[in-house]
Amino acid sequence: MSITVPGPASATTSETGGTPSVPDRRTYEVRTFGCQMNVHDSERISGLLEDSGLVRVQQGQADVVVFNTCAVRENADNKLYGNLGILKAVKEARPDLQIAVGGCLAQKDRETILRRAPWVDAVFGTHNIGALPALLQRARHNQDAQLEILESLDVFPSTLPTRRESVYAGWVSISVGCNNTCTFCIVPSLRGKERDRRPGEILAEIEALVADGAVEVTLLGQNVNSYGVEFGDRGAFAKLLRACGSIEGLERVRFTSPHPAAFTDDVIDAMAETPNVMPQLHMPLQSGSDTVLKAMRRSYRSARFLGILDRVRDRMPHAAISTDIIVGFPGETEEDFQATLDVVEQSRFATAFTFQYSKRPGTPAADLADQLPKAVVQERFERLTALQDRIAREENARQVGATVEVLVTDQQGRKGSETHRLTGRARDQRLVHFSVPAGAEAPRPGDFVTLPVTEAASFHLLSDPSPAQYSLRRSRAGDAWDRSQADSCGVPAASDGAPRAVSLGMPSLPVRASAP
């Protein structure tokens with residue numbers, strides 16, 4: 001799987017490929033549903049499995065299949081049980097196949113998973129990822145399914161082995177859990193109350209990533225700008241961003257996701273004044289209607305939201321801002337929906353991740369009256385996406401003629417094999433597909449290219465530079481990518497075929513005395 005640093009759209013990823021199979025060693029595959037937090041958790045799961053002696057499957061059926069699930073959307077259930085149904089026949093033919101289910105849906109459904117899919121071997125929750133190898137071992141020994149769900153975190157995930165999916169970019173958790181009470185969201189009940197890591201631990205992990213070749217990190221938390229409340233420092237997140245600016249070799253810092261109610265000007269100042277913090281912000285709106293925001297228990301209103309965007313753009317005029325929006329929340333009127341359209345028009349989002357409201361049992365919103373008909377929600381959803389697609393296309397068109405620095409990724413665009421374009425991300429996180437001029441040196445994943453934007457669409461930029469317009473900067477991350485290819489017998493491979501080292505938990509690098 002290729003890890004870039006996308007916005008927080010819901011996604012499904014199959015983590016396959018890797019080191020060549022070793023005879024007589026069991027293989028594994030991790031299938032990830034959900035957000036970046038789940039993707040990062042899957043790096044921990046892969047690290048645990050490799051630390052216990054398994055190798056990632058190269059081709060064919062793995063011996064161990066782990067589903068790391070999401071519970072935010074209703075179709076998450078359908079995806080999981082559909083996949084489990086497919087594997088039932090495989091398990092009947094191969095009784096030694098082991099299937100495990102973890103993540104948010106496992107935390108929520110628990111025994112339901114084993115009742116609906118009794119061929120599953122292990123179920124584990126969000127708080128005890130580290131238990132997976134032992135659960136699999138017990139299931140093999142006892143010939144019986146193992147269920148272990150904890151109600152609170154047993155160890156902070158950063159202490160677990162990790163198999164990083166990218167040599168040039170990495171995720172770093174600064175907190176887990178959430179203290180908010182949004183009526184549509186089931187995450188707090190599944191991830192627990194917010195737990196913050198100490199700043200020195202976070203900086204040490206970032207330094208270890210950079211030492212391994214990474215040039216970009218994304219700081220992760222359910223609400224990153226409330227970071228520090230647990231240990232009594234409400235300014236800790238802004239301090240952490242500034243501290244990232246002093247890490248030599250770290251070229252790009254991003255974070256997701258903040259909450260508008262807790263977003264303060266000291267964070268905006270830190271973003272604007274720290275050169276390696278990127279001019280990009282994901283700020284979830286959810287609704288433009290103050291009435292709906294109140295029903296959602298989102299403790300801000302549209303005027304505050306728009307004020308944050310104004311202040312960000314005042315300090316960083318070229319910042320790209322993305323958002324999340326829910327359409328069809330219970331009781332949403334046409335007037336409420338129009339208020340959302342109005343805020344979207346004013347906000348000029350570069351990207352918006354739009355969702356139709358999904359009723360999740362266990363959330364307060366599930367019991368609200370006035371659940372909207374599917375047809376009404378669908379029609380509003382289509383109007384919203386049409387509006388946002390137009391805005392994104394217009395905003396991207398403004399980039400034409402601009403010169404951008406692109407961090408090259410090991411992804412390929414949908415038409416990459418036809419166009420022979422490579423892919424990367426600009427500093428503001430926009431996706432850029434570009435060609436390499438004839439006779440020019442091609443970049444490696446992790447290298448930087450500087451080039452002009454020659455064309456734009458709603459979801460990406462294009463660049464077909466002349467030789468004089470194309471500039472390549474080779475980087476330590478590109479060198480690290482070369483080493484990963486050499487480790488795989490020197491045969492160039494897609495990113496999911498490149499071996500990754502397993503980091504054995506928290507690094508023991510010294511922490512600078514100036515750390516906050």
Side-chain angles (χ1 to χ4, degrees), residues 8-12 32-38 41 67-84 100-117 120 122-129 131 145 147-154 157 175-195 221-223 226 257 259 261 284 286-287 292-299 324-332 353-374 377:
S10 188
T12 301
T32 308
F33 303 91
C35 64
Q36 293 99 321
M37 193 69 75
N38 274 24
D41 283 347
F67 294 92
N68 187 16
T69 63
C70 172
V72 172
R73 314 302 304 166
E74 187 174 12
N75 65 359
D77 306 53
N78 300 331
K79 285 182 179 179
L80 172 65
Y81 292 113
N83 277 273
L84 290 177
V101 179
C104 291
L105 195 62
Q107 187 78 24
K108 178 176 77 73
D109 281 3
R110 307 182 183 213
E111 295 88 352
T112 303
I113 294 173
L114 294 179
R115 186 172 66 250
R116 292 184 59 177
V120 168
V123 178
F124 61 102
T126 58
H127 299 307
N128 62 322
I129 291 173
L147 171 68
E148 183 173 302
I149 304 290
L150 301 185
E151 297 303 325
S152 60
L153 204 63
D154 56 350
S175 63
V176 294
C178 182
N179 294 337
N180 294 315
T181 58
C182 303
T183 56
F184 58 82
C185 186
I186 199 169
V187 169
S189 65
L190 302 180
R191 293 275 181 179
K193 292 293 185 181
E194 183 174 321
R195 291 275 305 278
Q222 299 296 152
N223 180 9
S226 67
S257 291
H259 191 293
Q286 306 303 1
S287 175
V292 173
L293 288 172
K294 182 178 180 180
M296 289 178 167
R297 291 186 196 157
R298 301 284 288 179
S299 46
D324 297 329
I325 302 173
I326 296 172
V327 177
F329 187 81
E332 180 189 75
F353 301 96
T354 53
F355 306 93
Q356 297 184 39
Y357 170 74
S358 179
K359 185 176 180 179
R360 307 306 290 144
T363 62
D367 298 323
L368 291 177
D370 300 324
Q371 303 281 331
L372 300 186
K374 170 66 176 175
V377 178

Next item on the list: Go through the steps for Asn223 and Asn179 under the test side chain to side chain contact (heavy atoms under 4.5 Å, CB included), then give the verdict.
Entry: CA-CA 9 Å; Asn223 180 9; Asn179 294 337; over 6 Å; no
By side chain to side chain donor-acceptor pair (under 3.5 Å) - contacts of [X] (at least two apart):
X	result
Asn83	Arg31
Glu194	Ser226
Thr69	none
Arg110	Glu151

Of all the heavy-atom pairs spanning [X] and [Y], show the shortest one and how long it is.
X	Y	answer
Phe184	Thr363	O-CG2, 4.0 Å
Thr126	Gln107	N-OE1, 2.9 Å
Phe124	Ala106	O-CB, 3.2 Å

Contacts satisfying salt bridge (Lys or Arg N to Asp or Glu O under 4.0 Å) that involve residues 361-374 (not counting sequence neighbours) are none
Only counting residues at least two apart or in another chain, list the ones meeting side chain to side chain contact (heavy atoms under 4.5 Å, CB included) with [X].
X	answer
Val292	Ser287, Ser289, Met296, Phe329, Glu332, Asp336
Ala122	Ala100, Leu135, Leu136
Ala145	Leu114

Hits for salt bridge (Lys or Arg N to Asp or Glu O under 4.0 Å) against Arg116, two or more places apart or cross-chain, chain-then-number order -> none
For Phe67, the ring-ring contact (aromatic ring centres under 6.0 Å, His included) test, sequence neighbours excluded, returns none
Requested in this report: For the pair Glu148 (side chain) and Gly125 (backbone), establish whether a donor and an acceptor sit closer than 3.5 Å, ignoring hydrogens and angles.
Outcome: no
